[in-house]
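For reference, the structure is listed below as structure tokens.
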Amino acid sequence: MTLLRKINRVLLLLLVLMVCLLLHSTLLKASSRPKLSDNWKSLGSAVRVPAVRVSEADSVVPVVICASEERIGATMAVINSVYSNTDASVFFYIVTLRDAVKLTRQYIVKTKLKGIKYKIVEFNPMVLKGKVKPDSSRPELLHPLNFVRFYLPLLDIHHKRVIYLDDDVIVQGDIKDLFNMKLKPGHAAAFSTDCDLPSTHEMVRSIGMQTTYMGFLDYRQLKVRDLGIDPRECSFNPGVFVADVSEWKKQKITKQLEKWMEENFRHNIYSSAMAGGVATPPMLIVFHDKYTTLDPLWHVRHMGWSPDARYSESFLQEAHLLHWNGPFKPWSHPAVHLDLWEKWFIPDPSRKFSLVRPESDS
């Protein structure tokens, strides 16, 4: 009997030791996981997480789009156009500032968009301190949300690949075709080059739009010339792109972009007086010769650079995505091809956002 008790005690001791070893191993793994620094923790926080699973295994097409209070109706038009033209499972990451969180949520739940899968992510503009200086030529280009595209891997987003869309676009094609495009090895993103379609060239000539690096960077600056980029080289537009988030992290793209923002803050190597404002030039520098080219029909742009210059109707019908980049937006007046945009507009249930049309001018 005594021998049996001794055996039981030994077995119990072994069991306790095994439990202790398992607990120690679990704690060690948890403590070794990489953590964001305190600065990045506050960058983007989830405001609303719907009761849906979001993972790579779900074959979700993740779309990132910003929603500013003053242009909230534009964001909802983009979402409606994407959602209405695909049978894919799209998940929208709607990035906004604190003052527009409630408005964004109400716009969705009180309209036909209540069926979409989404998460509202609050962006902390303090991350831009010391990187963006006031500029009076086009102040709208200095809005904090214009720089969200720089920080994609640091937001509350858990995907290896995402699509980023500006709020002044309309998607006419199936978004999963854009999402499934192939990126070249080592490329963190795919953009539209400004030297693609003949129809775009005609538009550019008619409005005097810049399509080279000369239009975005100040080549009088030694730091710009030292980059070794030919000023006549074609630029690209970062208002629509597909991003490989894993590659973005690996190449520390965000850190590189911040470096050039800080450089401009100190030495004015570009400004919003130039063609692309202050969000495009850092992208042009960091991604120079390191991006895959999008199918041109997935980014037909320059539609907001003139209230008169128009594309042919047949060409617009072929386009998968339309972009009113420039000062003449389709929710304002004057602007071109309003019917194509307004088709997807959903009236604001709070009535804070409204269209500007000739008959409603005071």
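Remember, it's a predicted structure, so these values are computed and weren't measured experimentally. Keep in mind that the numbers below use all heavy atoms, side chains included, and drop hydrogens, waters and symmetry copies.
Separating the OG atom in S235 from the OH atom in Y213 is a distance of 7.5 Å, to the nearest 0.5 Å. Within the model, atoms CD1 of I72 and CD1 of I108 stand 7.5 Å from one another, a figure rounded to the nearest 0.5 Å. Rounded to the nearest 0.5 angstrom, N85 CG and D177 CG are separated by 11.0 Å. How far CG of D244 is from NE2 of H159: 13.5 Å, rounded to the nearest 0.5 Å. Atom CH2 of W248 is separated from atom CZ of F150 by 8.0 Å, given to the nearest 0.5 angstrom. To the nearest 0.5 Å, atom CG of residue D289 and atom CD1 of residue I229 are 8.0 Å apart.
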Evaluation steps, ring pair (Phe, Tyr, Trp, His ring centres under 6.0 Å), between F91 and Y118: CA-CA 5 Å; F91 194 94; Y118 72 101; 7.8 Å; no

Audit row: E263, R266, salt bridge (charged side-chain N to carboxylate O under 4.0 Å, His left out) steps and yes/no: CA-CA 5 Å; E263 195 67 46; R266 292 190 296 266; 3.3 Å; yes

Audit row: R357, E342, salt bridge (charged side-chain N to carboxylate O under 4.0 Å, His left out) steps and yes/no: CA-CA 11 Å; R357 295 294 182 256; E342 206 165 324; 3.0 Å; yes

Candidate pair F315 and Y311, rule ring pair (Phe, Tyr, Trp, His ring centres under 6.0 Å), full reasoning: CA-CA 7 Å; F315 174 66; Y311 285 114; 5.2 Å; yes

Working for ring pair (Phe, Tyr, Trp, His ring centres under 6.0 Å), residues W260 and F265: CA-CA 8 Å; W260 287 103; F265 190 86; over 10 Å; no

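Judged purely by atom type and a 3.5 angstrom limit, N264 uses its side chain to pair as donor or acceptor with the backbone of Y270. Side-chain atoms of R149 come within 3.5 Å of backbone N or O of P238 as a donor-acceptor pair. Panel note: side chain D168, backbone H323; no donor-acceptor pair is recorded below 3.5 Å. No donor-acceptor distance shorter than 3.5 angstrom exists from the side chain of T292 to the backbone of A190, with no hydrogens or angles considered. Formation of a donor-acceptor pair under 3.5 Å by the K329 side chain with backbone atoms of W324 is found in this model. Remark: the backbone N or O of H267 is paired with a side-chain donor or acceptor of Q221 at under 3.5 angstrom. No donor-acceptor distance shorter than 3.5 angstrom exists from the side chain of E69 to the backbone of T96, with no hydrogens or angles considered. Under a 3.5 Å cut-off, the side chain of K352 and the backbone N or O of D348 do not form any donor-acceptor pair. Looking at R301, its side chain does come within 3.5 Å of a backbone N or O of H299 through a donor-acceptor pair.
Counted by atom type alone, D166 and Y164 present one or more donor-acceptor pairs between their side chains at under 3.5 Å. Side-chain contact annotation: D174 with T86, donor-acceptor N/O pair under 3.5 Å present. Side chain to side chain, Y151 and E258 meet the donor-acceptor criterion of an N or O pair below 3.5 Å. At a cut-off of 3.5 Å, with distance as the only test, a side-chain donor of K117 or S89 sits close to an acceptor on the other residue. Residues Q251 and E247 bring a donor and an acceptor atom of their side chains to less than 3.5 Å of each other.
One hydrophobic cluster holds both M76 and I116 under the rule that ILVMFWY side chains link at heavy-atom gaps under 4.5 Å. Both W331 and L113 belong to a single network of hydrophobic side chains, linked directly or stepwise wherever heavy atoms of I, L, V, M, F, W or Y lie under 4.5 Å apart. Hydrophobic clustering (ILVMFWY, side-chain heavy atoms < 4.5 Å, transitive): F328 and W344 are in distinct clusters. Note: the hydrophobic cluster containing V82 also contains M181 (ILVMFWY, side chain heavy atoms under 4.5 Å, direct or indirect links). Both L152 and L154 are members of a single hydrophobic cluster when ILVMFWY side chains are connected at heavy-atom separations under 4.5 Å.
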Please list, one pair per line, the donor and acceptor atoms closer than 3.5 Å that link side chains of residues 97-104 to other protein atoms, with sequence neighbours excluded.
{"from": "R98", "atom 1": "NE", "to": "E122", "atom 2": "OE2", "distance (Å)": "2.8"}
{"from": "R98", "atom 1": "NH2", "to": "E122", "atom 2": "OE2", "distance (Å)": "3.0"}
{"from": "T104", "atom 1": "OG1", "to": "A100", "atom 2": "O", "distance (Å)": "2.7"}

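The number of heavy-atom neighbours closer than 6.0 Å to CZ of R220, taken from other residues, nucleotides and ligands shown, is 12 or below. Within a 6.0 Å radius of NZ in K176, more than 12 heavy atoms belonging to other residues, nucleotides or ligands are found.
With contacts defined as side-chain heavy-atom distances shorter than 4.5 Å, the pair K223/L217 does not qualify. Under the 4.5 Å side-chain criterion, counting only non-hydrogen atoms from C-beta, C234 is not in contact with T212. The shortest distance between side-chain heavy atoms of V132 and F147 falls below 4.5 Å. Here the side chains of C66 and D167 are not in contact, with every heavy-atom distance at 4.5 Å or above.
Listed by chain and number, the residues in a ring-ring contact (aromatic ring centres under 6.0 Å, His included) with W298 are H320 (sequence neighbours excluded).
Because its NZ or CZ atom is not both nearer than 6.0 Å to the ring centre of Y93 and within 45° of the ring axis, K119 does not count as a cation-pi partner of that residue.
In this structure, the ring of Y291 has its center less than 6.0 angstrom from the ring center of F236.
Across V300, V78, L165, a single residue satisfies side chain to side chain contact (heavy atoms under 4.5 Å, CB included) together with L321, and that is L165.
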